[in-house]
There are 2 protein chains.
Amino acid sequence: MRLSKTSEYALRIFSFMINDDKQVFSAKYLVNNLNIPEKYLRNLLTKLTKFNLIKSIKGRDGGFVFAKNADKITLADIVDAVEGMDKYEKCILGFDYCDESRPCALHHRWHPIKQQILDFLNNTTVADLRDKEGNLRF
Amino acid sequence: MRLSKTSEYALRIFSFMINDDKQVFSAKYLVNNLNIPEKYLRNLLTKLTKFNLIKSIKGRDGGFVFAKNADKITLADIVDAVEGMDKYEKCILGFDYCDESRPCALHHRWHPIKQQILDFLNNTTVADLRDKEGNLRF
DNA sequence: ACAAAATTCCACATCAAAATAGAAATTAAA
DNA sequence: TTTAATTTCTATTTTGATGTGGAATTTTGT
C-alpha cells in the first residue's frame, strides 16, 4: 500500500508505545527508539496531541500518554489525523462521481478490495498492535 | 487507495482508449476528452511510449496506439512504468525487513489484503477495462 | 526561587511530484 | 515541395510533503 511516510511514522509511534512497558513516553525516549528524525517526530507528537489521540504531560519527567484506551484508537483515526482518510475512499481512477450507479471502468472490480482496506483501517485498533509472540524489532 | 495522480491519469488514458472506437488517438483528441493538463498528458504519453505500452505514430494524422494486445497490458505494468510498484509491495509500517519470519505488528493482518491489491493490479488487464453496460463518463 | 526537562511555536530548507513553457524534429497529405 | 499536424526534447516553475533550526513557554523537582 502507500500510506504517507508521516502516517507510517505515526503508526510506528503507537505500535512502539503499546509494546513498551513505560507509562509515560518522553520525546527523547521515542527519538532514541524509533528511527524517525527528531524534529519531525516532535512536531508529529504535537499534532497527534491536538487530535486527542495522545496527551502531553509538560514539565520535568513529562512526556506523552494515550489520550484514551488503546482499543478506542483505530488506525483510521491516526491516518485521518495525519493525512486525512479522503484519499483512501476516493475512486481509483480519480473521478469525482464514481459509485454503484455511475461506476468507473474499475469500480466493480476495485470496490470490494477498497472496502477491505477501509474495514482494516477502521476496525484495527492500537490494542491490536500488541505483540504476542515477541518478534517485534524497532 | 492512493495511486499517484500520474498513475490515475495513465489508467484513465487506457480506460478511455479501450472504450473508444478510434484506432489512432492523437494527443489533442485525448486532451479534449480526458480531464488532464495538456502538457502533462503529452509528457506522460511519451513516457508510456518509452515503456512500450503504447506506440507513437509521428507526423500528420499521427497519434498513439496500443503497443500490444490490450489483454497483455496489466494495471501493474502501467503503474510500474509511471511511479514504480515498489511502494505497494513494502511493509505498511515502512520497515525494511518485515516478512513472515520477522513480522511487524501489522504484518499478519495486513498481508492478505496487500496480496489482494497486488493480485488485482497484476491480473487486471486493459482489456478488462472495456465497459459492457455503457455507463462510463469521462 | 531556580534550574532542568519537557512541550510548543514560528520560520525556513529540501525534495519529489505535478504542472507549464517554448522550441525542435518528424511525417504525411495536398 | 510546401505546409500543417503531429510527437519529442530540455528546461523551468509550482506545490505539497518532508525535514531542520532556534527561541519561547510551560511545568516539575529540588
Side-chain angles (χ1 to χ4, degrees), chain A residues 2-13 17 22-65 67 79-88 94, chain B residues 2-13 17 22-67 78-88 94:
Chain A
R2 216 171 67 104
L3 296 175
S4 74
K5 208 161 196 177
T6 315
S7 283
E8 282 180 11
Y9 290 163
L11 292 180
R12 275 159 56 187
I13 293 169
M17 285 174 69
K22 272 211 190 324
Q23 295 303 312
V24 178
F25 295 83
S26 72
K28 178 177 281 185
Y29 184 68
L30 292 172
V31 165
N32 287 337
N33 284 281
L34 299 168
N35 201 26
I36 303 173
E38 169 154 1
K39 279 300 215 168
Y40 203 70
L41 174 52
R42 288 178 184 276
N43 290 346
L44 182 51
L45 289 167
T46 301
K47 186 168 199 177
L48 293 171
T49 301
K50 286 186 179 142
F51 278 85
N52 198 38
L53 299 176
I54 53 180
K55 265 192 303 193
S56 78
I57 301 172
K58 287 184 168 186
R60 183 162 174 172
D61 297 333
F64 296 90
V65 297
V79 171
D80 199 31
V82 160
E83 58 162 332
M85 279 290 293
D86 328 23
K87 314 174 176 80
Y88 301 97
Chain B
R2 216 171 68 103
L3 296 175
S4 73
K5 207 162 196 178
T6 314
S7 283
E8 282 180 10
Y9 290 163
L11 292 180
R12 274 159 56 189
I13 292 169
M17 285 173 69
K22 271 210 192 321
Q23 295 302 312
V24 177
F25 296 82
S26 72
K28 178 178 278 184
Y29 184 68
L30 293 171
V31 165
N32 288 336
N33 284 282
L34 298 169
N35 200 26
I36 302 173
E38 169 155 1
K39 279 301 210 167
Y40 202 69
L41 174 52
R42 288 177 184 276
N43 290 346
L44 183 50
L45 289 167
T46 302
K47 187 168 198 177
L48 293 170
T49 301
K50 285 185 179 143
F51 278 85
N52 198 38
L53 299 176
I54 52 180
K55 265 193 303 194
S56 78
I57 301 172
K58 287 183 166 185
R60 183 162 174 171
D61 297 334
F64 297 90
V65 297
F66 292 123
I78 298 169
V79 171
D80 199 31
V82 159
E83 58 163 331
M85 280 290 294
D86 331 18
K87 314 175 178 80
Y88 300 97

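Quick caveat: nothing in here was measured; it's all calculated off a predicted structure. Just so we're on the same page: letters track the sequence lines, and every chain starts at 1. Just so it is clear, the values below take in all heavy atoms, side chains as well, and ignore hydrogens, waters and symmetry mates.
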Which side chain to side chain donor-acceptor pair (under 3.5 Å) pairs, counting each pair once, include a residue from residues 37-57 of chain B, with sequence neighbours left out? B:T6-B:Y40, B:E38-B:R42

In this structure, how many angstroms lie between the P atom of D:dG29 and the NZ atom of A:K58, rounded? 16 Å

Regarding D:dT18, can its base be found pairing with the side chain of A:N43 as donor and acceptor, where the two atoms are less than 3.5 Å apart? no

Tell me: CZ of B:R60 to C1' of D:dT2, nearest whole Å? 11 Å

B:K87 NZ to C:dA17 P: how many Å, rounded? 6 Å

Whole-Å distance separating the CZ atom of A:F64 from the P atom of C:dT8: 5 Å

Look at the side chain of A:K5 and decide which nucleotide, out of D:dT28, D:dG19, C:dT7, has an atom nearest to it. D:dG19

Rounded to whole angstrom units, what separation is found between the OH atom of A:Y9 and the P atom of D:dT18? 8 Å

Identify which nucleotide among C:dA29, C:dT20, D:dG29 has an atom closest to any side-chain atom of B:Y40, counting heavy atoms from C-beta outward. C:dT20

Detail all sub-3.5 Å separations between protein N/O atoms and N/O atoms belonging to nucleotides 13-15 of chain D.
none

Check this for me: does the side-chain of B:K39 come within 3.5 Å of the base of C:dG22 through a donor and an acceptor? yes

Return the 5'-most residue of the pair A:E38, B:G62 with respect to DNA chain D, ranking by each residue's nearest nucleotide. B:G62

